Amino acid sequence: MKKFLKVAAAALAMVMTLGLVGCSGGDKTASTKESSSSKTTSSQSSSKTTSSKQEDKFSVQSAKPADAQNPVVTITMQDGGVIKAELYPDIAPNTVNNFISLINQKFYDGLTFHRIMDGFMIQGGDPKGNGTGGPGYEIPGEFSSNGYAKNDLSHTRGVLSMARSSMPDSAGSQFFIMHADYPSLDGNYAAFGKVTEGMEVVDQIVANAQVTDDNGTVANPPVIATITVDTFGVTYPEPVKTE
């Protein structure tokens with residue numbers, strides 16, 4: 001399933017599919033007539049079950065002790081550029097667990113930033129390199145429009161966030177780094193970290209990109225040599241995955 005970011009600006013020619021999916025589901029539910037009390041009861045029971053599942057998928061708590069440092073990742077590009085970013089397990093614990101797990105598996109080493117949009121973001125972490133790949137699983141989306149209220153990290157310049165499809169629980173390995181502020185993404189994507197050093201490297205990646213279309217596809221995309229993480233002695237568990 002092709003990964004993409006939801007963008008409100010017409011200049012970026014993106015479609016806000018999450019809103020359309022939500023409206024479609026709501027219309028179908030509203031048009032269904034319940035003809036008996038037993039159906040109503042069944043519907044209420046189903047609603048409670050759904051609510052319980054919603055709570056369960058967001059039951060992950062931060063593994064970081066209150067007095068511990070936040071983990072720091074180091075992205076080293078093939079050309080020698082270095083980007084460092086702090087992760088926020090207190091804001092998006094399962095997303096951070098997932099990112100750290102993939103880093104420890106060396107999943108990102110040798111992958112690229114395959115999608116680059118000046119004044120918006122750079123996106124990478126796809127093993128296929130074309131926006132359709134992932135780690136073979138998906139994780140719950142820790143953002144407010146998906147029922148997760150704890151993530152208040154705004155998509156400002158330097159923030160790391162997870163790419164996904166139109167389905168809210170479809171993020172896997174693809175992530176993006178904001179090149180500029182984009183508050184229209186807030187509450188719709190799982191932001192989970194922020195660049196602390198090396199934004200000039202992000203700027204250079206954008207400046208050097210050979211973009212071939214309006215979707216940010218790049219010819220000869222820049223290669224990530226390695227991503228490493230310093231957890232400062234804290235052990236972060238494997239992520240919860242969607243069923």
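Please read all numbers here as calculations on a predicted model, not as lab measurements.
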Within the 6.0 Å centroid threshold, strictly below: Tyr148 and Phe143: no
Establish whether Val223 and Ile122 are linked, either directly or via other cluster members, by ILVMFWY side-chain heavy-atom contacts under 4.5 Å. no
Short side-chain donor-acceptor distance under 3.5 Å, Thr196 and Glu86: no
Would you call the rings of Tyr189 and Phe176 parallel, tilted or perpendicular, taking 30° and 60° as the class edges? perpendicular
Do Arg115 and Asp126 have side chains that get closer than 4.5 Å, going by heavy atoms? no
Check: Tyr108 ring centroid to Phe99 ring centroid under 6.0 Å: yes
Keeping the roles fixed (side chain from Asn215, backbone from Thr217), state whether a donor-acceptor pair exists under 3.5 Å. no
With no hydrogens and no angle check, is any side-chain donor or acceptor of Ser161 less than 3.5 Å from a backbone partner on Ala190? yes
Donor-acceptor pair, Gln174 side chain versus Gly133 backbone, under 3.5 Å? yes
Test side chain to side chain contact (heavy atoms under 4.5 Å, CB included) on Met117 and His179 and set out the steps. CA-CA 8 Å; Met117 302 181 81; His179 185 230; over 6 Å; no
Donor-acceptor pair, Ser170 side chain versus Ser165 backbone, under 3.5 Å? yes
Donor-acceptor side-chain pairing of Glu238 and Ser101 below 3.5 angstrom: yes
